[in-house]
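Just so we're clear, the structure is a prediction, and the values are computed from it rather than from any experiment. Every chain is numbered from 1 and lettered A, B, ... according to where its sequence line falls, protein lines coming before strand lines.
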2 protein chains.
Amino acid sequence: MIAAKVSEKTIRRLSHYARCLRMAGLRGETIMTSQQLANNCGISSAAVRRDLSTYGEFGKQGSGYRVSELLSNIEDILGTVDPPEVIIVGAGSIGCALLASGLEGTGGYTYSGIFDNDPKKVGRKCSGVEVLPLEGIPLQPHGSSETIAVIAVSRGQGQCVLDMLVEKGFKAVLSFNLEPLQSPEGVTLRYVEVSTELDVLTHSMRRKGGMGK
Amino acid sequence: MIAAKVSEKTIRRLSHYARCLRMAGLRGETIMTSQQLANNCGISSAAVRRDLSTYGEFGKQGSGYRVSELLSNIEDILGTVDPPEVIIVGAGSIGCALLASGLEGTGGYTYSGIFDNDPKKVGRKCSGVEVLPLEGIPLQPHGSSETIAVIAVSRGQGQCVLDMLVEKGFKAVLSFNLEPLQSPEGVTLRYVEVSTELDVLTHSMRRKGGMGK
DNA sequence: GCGTGTGAACCTCTTCACAGCG
DNA sequence: CGCTGTGAAGAGGTTCACACGC
């Protein structure tokens, strides 16, 4: 398997392809064409083929791609064949809701714990899982963290929680907090920003931005 | 100050600038430079200036940008001076958590209602707001919908809820559901996909650097 | 026939570096 | 001097169109 330098945009699309393939697999389909994948993802078939051809030749000319085979290859590219664990920091409404929603259909991710520093929350159960104090967050193996941390804490607490996670050796963090955070080199930090999504939607409604799906 | 065709990426950055400016305003700052904005958003100062210069000349050479003035201009560009209402469809864990989290600090958005078709949920209160049946979702003025709908319903229910919203005249939808949805031309549909964010994070953790094979 | 894989053209976005103005 | 605004260069991503194999 080749690992070229890839843009985040491409990775996102590969993630979508993987999801489509999983769903197709559940429906019992064994073959998909680039056109079918493209329709599902709202892009062109050429774009799909271009993305895939960066990594190898996964298709059969004249017929298409074998669902199971292509899915394996994409998971290999993404590195999600054996997905990392995911912990939730913050047992507030968002943290507990994420835990309750679970991660089924996402290709094997699971939430392995939820943590909070509020004494009133520690010890309670969210969806059957006991809330542990922040000190209970496991130290990550030096240089080879295999766990993703999701931050969903009170406003203004994001940065100090992130600092603690970095200290513990986490290398990948997803923040639901609104405030922009600072992370050192080597720690990948991403955000889920409802606020920004609303801005994009408002812009497209009012300024006829015309950006499709 | 005419809005040309702008990429979504630029809109996202403008949304970030707006957020930084609001926070700076709260801290009492009246002037910000492109460098300060850049540091907050994790990009280069040239990128900030480039984004802004697309729409006009908002800065004062030698000093920087007036916080309140630039914020007004950006909100004008985004169309968020008077933000649309936001309704939540789905009073499950995610829907209720979103309502509970609220939208403070996002520039004026507010949730104006929450809806569900489960008789067991209708009539209950989430964060003090009564859950109404789907039939209660207001019809949108023809051709000029001014409300954003957030979908957070049970797995597999996304498409039929979306169809109903389109029927009612909604033009902007944010889906927290995993399944890819089909929307007609003219309806902007966006997703919050934790699954994809996890894939991107996993990829960055495991495929970091230019290691071949 | 059908659908993949890909060179090449095309287009968009980013970065640099500096002119110009307060 | 400091910082903005921007032409020009560069990098990166997308689309086209067609050769190739099934």
In whole angstroms, how far is the P atom of C:dG3 from the OH atom of A:Tyr65? 12 Å
Does A:Ser63 put a side-chain nitrogen or oxygen below 4.0 Å from OP1 or OP2 of C:dG3? no
Where do A:Phe58 and A:Leu52 come nearest, in terms of heavy atoms and distance? CE1-O, 3.6 Å
Is there a donor in the side chain of A:Thr196 and an acceptor in the side chain of B:Ser15, or the other way round, less than 3.5 Å apart? yes
Determine, stepwise, if the pair B:Glu146 / A:Arg206 fulfils salt bridge (charged side-chain N to carboxylate O under 4.0 Å, His left out). CA-CA 9 Å; B:Glu146 274 295 305; A:Arg206 296 187 169 168; 2.3 Å; yes
Send over the distance from A:Glu8 CD to C:dT14 P, rounded to a whole Å. 12 Å
For A:Ile74 and A:Leu14, the nearest pair of non-hydrogen atoms, with its separation, is CG2-O, 3.5 Å
Touch check for A:Ser53, heavy atoms < 4.0 angstrom, all strands: base, sugar-phosphate only, or nothing? base
Rounded to whole angstroms, how far apart are OH on A:Tyr55 and P on C:dG5? 15 Å
Measure from CG on A:Leu52 to C1' on C:dT6 and round the result to the nearest Å. 13 Å
For B:Ser45 and B:Arg49, does a side-chain donor sit closer than 3.5 Å to a side-chain acceptor? yes
C:dT4 phosphate, OP1 or OP2: any side-chain N/O from A:Ser34 under 4.0 angstrom? yes
When you compare the side chains of A:Thr202 and B:Tyr109, does any donor N or O come within less than 3.5 Å of an acceptor on the partner? yes
Within the 3.5 Å criterion, strictly below it, is a donor on A:Asp51 or A:Tyr17 matched to an acceptor on the partner's side chain? yes
Positional range of nucleotides in DNA chain D within the contact set of chain A, heavy-atom, under 4.0 Å: D:dG13 to D:dC22
d(CG, A:Leu37; P, C:dG3) in whole Å: 13 Å
Does the protein touch nucleotides 16-22 of chain C at the base, only the backbone, or not at all? Give it as B, S and - per nucleotide, heavy atoms under 4.0 Å. -B--BBS
Going by distance alone, is a donor N or O of one side chain under 3.5 Å from an acceptor N or O of the other, for A:Asn73 and A:Glu69? no
In whole Å, what is the span from the CG atom of A:Asn73 to the P atom of C:dG5? 11 Å
B:Gln36-B:Asn40 side chain donor-acceptor pair, cut-off 3.5 Å: no
A:Gln36 CD to C:dC2 C1': how many Å, rounded? 13 Å
Select base, sugar-phosphate, or nothing to describe what B:Thr10 touches, counting heavy atoms under 4.0 Å on all strands. nothing
